[in-house]
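To keep things clear, I will list the structure first and then write my remarks on it.
Below, chains carry the letters A, B, ... as their sequence lines are ordered, and counting in each starts from 1.
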2 protein chains.
Amino acid sequence: MIEPDIEQLCRRDSETAGHVRDILDRVGDKWSMLVISLLEHGPRRYGSLASDIPGISQRMLTVTLQRLERDGLVTRTSFPEIPPRVEYALSSLGETLKEPIGALARWAYQYKDEFAASRDRYDEARA
Amino acid sequence: MIEPDIEQLCRRDSETAGHVRDILDRVGDKWSMLVISLLEHGPRRYGSLASDIPGISQRMLTVTLQRLERDGLVTRTSFPEIPPRVEYALSSLGETLKEPIGALARWAYQYKDEFAASRDRYDEARA
DNA sequence: CCGCATCCAAGCCGATACTG
DNA sequence: CAGTATCGGCTTGGATGCGG
């Protein structure tokens, strides 16, 4: 595999960029990463996710799951029962995302104090 | 170091979350990752960055650099000359970000086709 | 040359009400 | 239970003009 140049991959205009910006947008949006982390341990129902994410609206849970399904990161299985039952699970593609996301999370955890200190210093200097 | 739980780290409300959400927001915004990638090879001047990022406005380059400086990822050095000269460089903290970001970029590059195919399938099924 | 200030457009997100 | 529809606010980002 050719080693990608991060610079090219981050551009929105570049033809060689592929869809890296789309991934960064998904990573950066408000709920996607939390939903993915909740699906790590196995399939979950819509209502189960909702009750485990305080503060999310029905609309945003629906929208987030639809986007993740469109991107191929999450699978949606609806059972034709009454009452209806729908299960969401990480796809095999979604599984592979766990590693780079985990790396980012570990980084953020490791340097969170340094990060916060820098912000405090910056805000202090301007107050 | 304690292994962080991604789930907790992604929540906005959790006390234990630290500032992982802040990092994801920065990673996800429109220009930050591109600016960081341009600073990988050494310090750059404001104008040099501007001319190398087609489509960015002066305002957004300034705002992006300020946010990165506040987060401690980028350092800003201004030389008291006329005309003024300002150089931006990756801080040591910013250097450490290259690895997890690179992992994400490699992931996106590796699976970009699968990703695009999934979107096409999804959109097709609804058209 | 390097930015800040202002105004404005677009998109993300939340609240609420309603449906199979 | 698992959504859809609509509205409205808030934040992000773009265009332009001015200042050190």
[X] side chain: which of [options] is closest?
X: A:P84; options: C:dC2, D:dG13, C:dG20; value: C:dG20
X: B:S57; options: C:dC1, C:dA17, D:dG14; value: D:dG14
X: A:P83; options: D:dC1, D:dG3, C:dC1; value: D:dC1
X: B:D29; options: D:dG13, D:dA2, C:dC2; value: D:dG13
X: B:R76; options: D:dC1, C:dC13, C:dG3; value: C:dG3
X: B:W31; options: C:dC13, C:dG3, D:dG14; value: D:dG14

A:R67 side chain near C:dC13 phosphate (N/O to OP1/OP2, under 4.0 Å): yes
So, OP1 or OP2 of C:dG14: does either fall under 4.0 Å of a side-chain N or O from A:K30? yes
Between [X] ([atom1]) and [N] ([atom2]), how many Å, whole number?
X: B:Q58; N: D:dC18; atom1: CD; atom2: P; answer: 14 Å
X: A:R26; N: C:dG11; atom1: CZ; atom2: C1'; answer: 13 Å
X: A:F79; N: D:dA2; atom1: CZ; atom2: P; answer: 11 Å
X: A:R21; N: D:dT12; atom1: CZ; atom2: P; answer: 14 Å
X: A:I56; N: D:dA2; atom1: CD1; atom2: C1'; answer: 14 Å
X: B:E69; N: C:dC4; atom1: CD; atom2: P; answer: 10 Å
X: B:R45; N: C:dC1; atom1: CZ; atom2: C1'; answer: 7 Å
X: B:Y46; N: D:dG20; atom1: OH; atom2: C1'; answer: 15 Å

For a quick check of understanding: with a heavy-atom distance under 4.0 Å over all strands, which category does [X] fall into, base, sugar-phosphate or nothing?
X: B:Q66; answer: sugar-phosphate
X: B:T62; answer: sugar-phosphate
X: B:Y88; answer: sugar-phosphate

More than 12 heavy atoms of other groups within 6.0 Å of A:E95 CD: yes
When you check the gap from the basic side-chain N to the acidic O, do A:D22 and B:K112 get nearer than 4.0 Å? no
Counting N and O atoms only, with roles assigned by atom type, does the side chain of [X] sit under 3.5 Å from a partner on the main chain of [Y], one being a donor and the other an acceptor?
X: B:Y122; Y: A:R67; value: no
X: A:S51; Y: A:G47; value: yes
X: A:T96; Y: A:L93; value: yes

Donor/acceptor link under 3.5 angstrom from B:R59 side chain onto base of D:dG13: yes
Return the orientation label for the B:W107 and B:F115 ring planes: parallel under 30°, perpendicular over 60°, tilted otherwise. perpendicular
Pairwise 5' ranking along DNA chain D for B:M60 and A:S48, keeping only the more 5' one: A:S48
